[in-house]
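The next block holds one structure in the form of structure tokens; read it before the comments.
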Amino acid sequence: MMAGRKKIFQGIFIVLLLGICMISCVKALILEFNIDEQYAISLGYRMANGDKMFLDMWEPHQTSGFVCAIFTKLFLILAGGVEGLVVFLRLIGIILQIVVSIFLFFTLKKSYSKEMSFYCALSVFALLPKGIQVAEFSNLFIWSMVCTMACLWNLYMGSKKVRTYSILAGVFTCVSILCYPSFLIVVPFYVIAIFKLLGDDAKRTMIYFMGTCIVMGMAYIGYFLLHMSVSEFLFGIKQMMTDGAHDVDVMERCLFYLEELGLIVLPSLVCVAIAYVIVKIFVKNAFLEKRKGFIMVICIALLLSIVYQLVVWLNPSDGVYMHTPLSFYFIAYGMGFFCLKNEKALKWIYFIPAGVGFFAALLLTNTGIRVTGSYLLPGILAVFCALSSVKTDEKIFTYINKGVAVAFLLLVLFQRTYLVCETGGYKEDIFYVKQKALSGSAENVYCRWLDGTKYNEAAKVFDEYVEEDIAVLCVSYN
């Protein structure tokens, strides 16, 4: 009887989660149009219209603009104009994110419960590092990392499709490198994982994996050398890094990261301290087994950090970033060093590459830890999976472990559904005063009232004074 009720409850809860996801997709399609999304779409539009990378374009994120470029080109061919392009590219982003999540779900359920696999997959679907839906570099980075790791996990689980998964892992790794060239430092860790975990298939996997990476890299460079000299190519790469937002001294960059981390140290310590007191008082014999006691304290600290993040997000004051819940990410990832000691595969396929990938992004990014912290997600999902596999007769321990994964999922779904990311990363809720874009690429997108009004007025000026096939140079203080 109880088992039947539990299944009914789980079914209702899953339907509710999927319903929230559908609402969040509608919101992602039609709300806001901040400068980061404008930048990503304009890169793809320029490439689709023939601008050559490293020659006509010097933007630092141009290497990851190929997805937007491909689908922009398709849209221009089918629609014959740019009206509605933004909504179309967001729809493509949603479809790609769904595909990645489904791939992860079917990968994890070979080793873990369907329930935990579902929560992990839905967390990947819910997370948008910069709060925008198009396939720009931060989204592509997480999606490609997750896909690489899922390919390696399928090989670890004994899949006979060695060549297929090895080549796909190489392709997805190349996508990660195009998002952040510094991701090259993660490749040796994938190689170590292959030799540590794949036994007799390690050599074959290594040949296909590295062969794919090398061939794709040579083809990529060769493509550019077809229409430019080596000196022009090297000059273009140099110019990419002269962008004012990225050309930052190493010491200045480190101080900026430390400043961001400093904001979460006190809240994190308070959460851990309160969690320790709660466990000490209310859970009898919690510390008879030190490992279980430690895990319980950290899990409760994670739940408290989620409450803290909600308080921050719901604070009506201005100047609050809506990005990654950093306290949760760093406590959860730090927990992995303890609870993954005996989980060799999770550690080498998900946890370590995620941490090194996070560090690789910090070497080049201008977004700070509030965005790049989300790149730790695959490592945190490994922690959730490890906790779900801990065998115990204590129901409270099981409930708390599962509760952390569910609470995190609800948190990122809340962020995706209720919050809106403005230019600069500042948060707003979905009830802000809106103005619909009436024409152009952002047609049918609801922006902030002032932004939407300016957009519509600018469109009128263009329609009145700019004839078709006329080139326009736009100069703005923004």
Side-chain angles (χ1 to χ4, degrees), residues 6 9-10 13-14 16-17 20 112-113 115-124 126-127 263-287 289-315 320 322-340 351 370 373-374 376-390 392 394-419:
K6 184 179 177 182
F9 175 77
Q10 284 179 344
F13 186 55
I14 287 171
L16 181 63
L17 290 175
I20 295 172
Y112 302 98
S113 69
E115 187 180 11
M116 183 54 64
S117 301
F118 177 76
Y119 294 148
C120 290
L122 211 57
S123 295
V124 171
L127 187 70
L263 296 174
I264 67 165
V265 170
L266 182 59
S268 300
L269 290 175
V270 170
C271 289
V272 172
I274 295 174
Y276 177 81
V277 172
I278 290 173
V279 172
K280 195 73 173 173
I281 294 175
F282 294 103
V283 183
K284 293 181 180 180
N285 304 321
F287 293 99
E289 292 184 51
K290 289 185 178 180
R291 183 173 183 269
K292 285 186 178 179
F294 174 82
I295 291 175
M296 192 171 290
V297 167
I298 298 302
C299 284
I300 293 175
L302 289 171
L303 294 173
L304 292 172
S305 73
I306 288 174
V307 174
Y308 165 75
Q309 188 63 51
L310 285 173
V311 170
V312 170
W313 279 342
L314 292 172
N315 185 338
V320 177
M322 71 151 282
H323 294 309
T324 304
L326 287 178
S327 289
F328 183 95
Y329 272 72
F330 283 98
I331 294 173
Y333 192 82
M335 184 183 184
F337 289 99
F338 177 80
C339 69
L340 292 175
F351 185 76
R370 65 180 182 271
S374 59
L376 293 171
L377 178 66
I380 292 168
L381 298 183
V383 172
F384 292 163
C385 290
L387 291 177
S388 72
S389 63
V390 174
T392 178
E394 300 174 48
K395 287 187 177 181
I396 187 172
F397 187 81
T398 303
Y399 290 151
I400 289 174
N401 289 352
K402 187 185 295 184
V404 171
V406 174
F408 173 73
L409 171 58
L410 292 174
L411 181 71
V412 289
L413 274 176
F414 171 81
Q415 181 185 24
R416 179 186 174 94
T417 307
Y418 181 74
L419 297 181

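The ring pair (Phe, Tyr, Trp, His ring centres under 6.0 Å) test applied to Y119 returns no partner, not counting sequence neighbours.
Contact detail for S388 and C385: the closest heavy-atom pair is OG-O, 2.7 Å. Residues G403 and L303 approach most closely at O-CD2, 3.8 Å, considering heavy atoms. Shown here for C339 and V383, the closest heavy-atom pair between the two residues is SG-CG1, 3.9 Å. Heavy-atom minimum distance, G373 versus L326: CA-CD2, 4.3 Å. Contact between I400 and C299 at its shortest, heavy atoms only, is CG2-CB, 3.4 Å. L304 approaches A275 most closely through the heavy-atom pair CD1-N, 3.9 Å.
Considering OH of Y333 and CG of L376, their distance stands at 6.0 Å, rounded to 0.5 Å. Annotation: the span from N401 atom CG to M116 atom CE amounts to 8.0 Å, rounded to 0.5 Å. Once rounded to the nearest 0.5 Å, the distance linking CD1 of I331 with OG of S305 reads 5.0 Å. The CG atom of L127 sits 11.5 Å away from atom CG of L122, with the distance rounded to the nearest 0.5 Å. To the nearest 0.5 Å, atom CZ of residue R370 and atom CD1 of residue I264 are 13.5 Å apart. In this structure, SG in C120 is found 4.5 Å from CG in L381, a value given to the nearest 0.5 Å.
F408 and Y329 have perpendicular rings, their planes meeting at more than 60° on a 0 to 90° scale where under 30° would count as parallel. A parallel orientation is assigned to the rings of Y418 and F414, their planes being inclined by less than 30° (bins at 30° and 60°).
In this structure, Y308 has its ring center no closer than 6.0 Å to that of F328.
Identified under the salt bridge (Lys or Arg N to Asp or Glu O under 4.0 Å) test for residues 268-277, with sequence neighbours left out: none. Among residues at least two apart or in separate chains, there is no salt bridge (Lys or Arg N to Asp or Glu O under 4.0 Å) pair with a member in residues 269-279.
The side-chain heavy atoms of F351 and F337, taken from C-beta on, include a pair separated by under 4.5 Å. With contacts defined as side-chain heavy-atom distances shorter than 4.5 Å, the pair P267/Q309 does not qualify. Between I274 and I278 the shortest side-chain heavy-atom distance falls below 4.5 Å.
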Exercise. For side chain to side chain contact (heavy atoms under 4.5 Å, CB included), just list the numbers for V272 and S268, CA-CA rounded to whole Å, side-chain angles, deciding distance to a tenth of an Å, and then say yes or no.
Key: CA-CA 6 Å; V272 172; S268 300; 5.6 Å; no
Quiz item: Y276 and I300: side chain to side chain contact (heavy atoms under 4.5 Å, CB included), yes or no, with the steps?
Solution: CA-CA 8 Å; Y276 177 81; I300 293 175; over 6 Å; no
Self-check item: Test log, rule side chain to side chain contact (heavy atoms under 4.5 Å, CB included), inputs M335 and L387
Solution: CA-CA 10 Å; M335 184 183 184; L387 291 177; 3.7 Å; yes
